[in-house]
Amino acid sequence: MNKLYPNAETALEGLLHDGMTICAGGFGLCGIPERLIDAIQASGVQKLTIASNNAGIDGQGLGKLLRSRQVAKMISSYVGENKEFERQYLSGELEVEFCPQGTLAERCRAGGAGIPGFYTKTGVGTLIAEGKEVKQFDGEDYILERGIRADLSIIKGWKADEAGNLIFRKTARNFNQPMATAANFCVAEVEEVVPVGSLDPDSIHLPGIYVKRMIVGAPYDKQIEFRTVRERV
């Protein structure tokens, strides 16, 4: 089966609908599926629930979908670099489920492993625990967190073979792998596709069985969330 599609629009054809849940990989602006996000924006799909470690920045990454008012709910950990996110949240336009970073990663990993829920100490005694089941193990309180399952995952990889076996590079590995497994359908954009057999089997981060469709998104411009420089002396 040919998994490689000519562009993001064709790779997402038939997969998008209003009210769907999407798991989006990436860490800050590193390892985000830029071409797929652009195609989702262009599609005009509405009322999305998106699970992602962060919400991009204004006008970059998932910030594009916030700007176009296509997101109804975000399940996120770190959102401090996005003013539009802040504005929509404070005005009541955007529903937000804040989730500790490690818990979010485990919720997606659990969803991909068929685990509906798990107990964790993270968040005990805080607002995170409100409305959640609390259970004691060895005399200590733990809260129940639900695994996340999405309709679609969009991820970014460094290199893949034609069967969809995929390698992430450095920080881009954060969240892309668990997001890929947590959805019913995974679409990946990568920088390079090589023939089957070209990749070291021990170096594969995501087996091709999880990847249904792929695109080559390169070339990319390296985006930086904020730049801090030292004054010249």
Side-chain angles (χ1 to χ4, degrees), residues 7-8 11-12 22-41 48 50-68 70-71 74-86 96 98-109 111-112 148 150 152-160 164-183 186-194 199 203-207 210-211 213-230:
N7 52 53
L12 292 171
I22 298 175
C23 279
F27 194 77
L29 293 180
C30 181
I32 61 172
E34 299 176 39
R35 309 295 179 242
L36 294 172
I37 290 171
D38 287 344
I40 291 172
Q41 181 184 24
L48 300 173
I50 299 182
S52 173
N53 179 59
N54 61 284
I57 61 176
D58 295 299
Q60 295 292 338
L62 293 174
K64 293 181 179 181
L65 299 182
L66 288 168
R67 183 178 58 189
S68 58
Q70 291 170 261
V71 183
M74 286 292 308
I75 305 172
S76 292
S77 172
Y78 178 71
V79 296
E81 304 300 332
N82 195 316
K83 293 295 184 182
E84 180 60 20
F85 182 105
E86 177 186 22
V96 178
F98 287 115
C99 185
Q101 192 169 79
T103 301
L104 178 60
E106 181 62 12
R107 288 180 68 188
C108 293
R109 190 205 67 82
I148 292 176
L152 172 69
S153 64
I154 53 172
I155 64 169
K156 161 76 182 304
W158 174 49
K159 187 179 293 187
N165 297 302
L166 201 149
I167 297 174
F168 303 108
R169 187 169 184 270
K170 299 183 178 181
T171 308
R173 190 173 177 181
N174 291 347
F175 281 96
N176 271 301
Q177 195 277 342
M179 293 301 190
T181 65
C186 174
V187 180
E189 67 177 73
V190 298
E191 297 185 33
E192 181 182 3
V193 175
V194 298
L199 303 178
S203 298
I204 301 299
H205 296 140
L206 182 70
Y210 291 106
V211 178
R213 299 178 184 177
M214 293 188 301
I215 63 164
V216 175
Y220 294 94
D221 293 325
K222 187 172 183 179
Q223 303 290 336
I224 299 176
E225 290 177 75
F226 56 90
R227 187 187 300 271
T228 303
V229 297
R230 183 178 61 185

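This chain uses plain numbering: 1 for the first residue, then up along the sequence.
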Asker: Apply side-chain contact (heavy atoms from CB on, under 4.5 Å) to Q101 and F27, showing your working.
Answerer: CA-CA 11 Å; Q101 192 169 79; F27 194 77; 3.7 Å; yes
Asker: Where do N54 and L62 come nearest, in terms of heavy atoms and distance?
Answerer: O-CD1, 3.6 Å
Asker: Evaluate the side-chain proximity of I215 to V187: yes if any heavy-atom separation is below 4.5 Å, no if none is.
Answerer: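 Of all side-chain heavy-atom pairs linking I215 with V187, none is under 4.5 Å.
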Asker: Of all heavy-atom pairs between M214 and G164, which one has the smallest distance, and what is that distance?
Answerer: SD-CA, 3.8 Å
Asker: Do side-chain atoms of R213 reach the backbone of A11 as a donor and acceptor pair under 3.5 angstrom?
Answerer: yes
Asker: Can you measure from NZ (K64) to CD1 (I57) and round to the nearest 0.5 angstrom?
Answerer: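 Separation between the atoms: 10.5 Å.
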Asker: Please confirm whether the backbone N or O of I155 pairs with a side-chain atom of N176, one donor and one acceptor, at under 3.5 Å?
Answerer: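 It does not hold such a pair.
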Asker: Atom CD in E106, atom OG1 in T103: separation rounded to 0.5 Å?
Answerer: 8.5 Å
Asker: Looking at N165 and I204, would you say the former's side chain and the latter's main chain have a donor-acceptor pair under 3.5 Å?
Answerer: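 No, N165 side chain to I204 backbone: no donor-acceptor pair under 3.5 Å.
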Asker: Which label fits F85 and F98: parallel for a plane angle under 30°, tilted from 30 to 60°, or perpendicular past 60°?
Answerer: tilted
Asker: Nearest 0.5 Å please: distance from the CG atom of N82 over to the CZ atom of R67.
Answerer: 10.5 Å
Asker: Nearest 0.5 Å, what's the CD1-SG distance between I148 and C99?
Answerer: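 Atom-to-atom, I148:CD1 and C99:SG are 6.0 Å apart.
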Asker: L152 and L12: side-chain contact (heavy atoms from CB on, under 4.5 Å), yes or no, with the steps?
Answerer: CA-CA 10 Å; L152 172 69; L12 292 171; 4.0 Å; yes
Asker: In Å and rounded to the nearest 0.5 Å, what is the CD1 to CD distance from I40 to Q70?
Answerer: 8.5 Å
Asker: Would a distance-only check, ignoring hydrogens and angles, find a side-chain to backbone donor-acceptor pair under 3.5 Å from E189 to G217?
Answerer: no
Asker: How far apart are the closest heavy atoms of V211 and A188, and which atoms are they?
Answerer: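 Closest approach of V211 to A188, heavy atoms only: CG1-CB, 4.1 Å.
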Asker: Tell me the salt bridge (Lys or Arg N to Asp or Glu O under 4.0 Å) pairs involving residues 165-175, sequence neighbours left out?
Answerer: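 Residue pairs passing salt bridge (Lys or Arg N to Asp or Glu O under 4.0 Å), neighbours aside: none found.
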Asker: Assess whether side-chain contact (heavy atoms from CB on, under 4.5 Å) is satisfied between V79 and M74, documenting all intermediate values.
Answerer: CA-CA 10 Å; V79 296; M74 286 292 308; 6.0 Å; no
Asker: Could you tell me which non-hydrogen atom of P33 sits nearest to which non-hydrogen atom of K156, and how far apart they are?
Answerer: N-CB, 3.8 Å
Asker: Look only at the side chain of N53 and the backbone of S77, and say whether a donor-acceptor pair between them is shorter than 3.5 Å.
Answerer: no
Asker: Search all heavy atoms of M179 against all heavy atoms of C23 and return the closest pair with its distance.
Answerer: SD-CB, 3.5 Å
Asker: Grab the two heavy atoms, one from C108 and one from T181, that are nearest each other, plus how far apart they are.
Answerer: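 Heavy-atom minimum between the residues: O-OG1, 4.3 Å.
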Asker: Once rounded to the nearest 0.5 Å, what's the spacing between atom CD1 of I37 and atom CD1 of I22?
Answerer: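 So the gap between those two atoms works out to 9.5 Å.
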Asker: I want to check something: taking the side chain as every heavy atom from C-beta on, are I167 and L199 in contact at a cut-off of under 4.5 Å?
Answerer: yes
Asker: Does Y78 offer a backbone N or O that forms a donor-acceptor pair with the side chain of S76 under 3.5 Å?
Answerer: no
Asker: Would you say that more than 12 heavy atoms from the other residues, nucleotides or ligands in this model lie under 6.0 Å from the CZ of F168, or not?
Answerer: yes
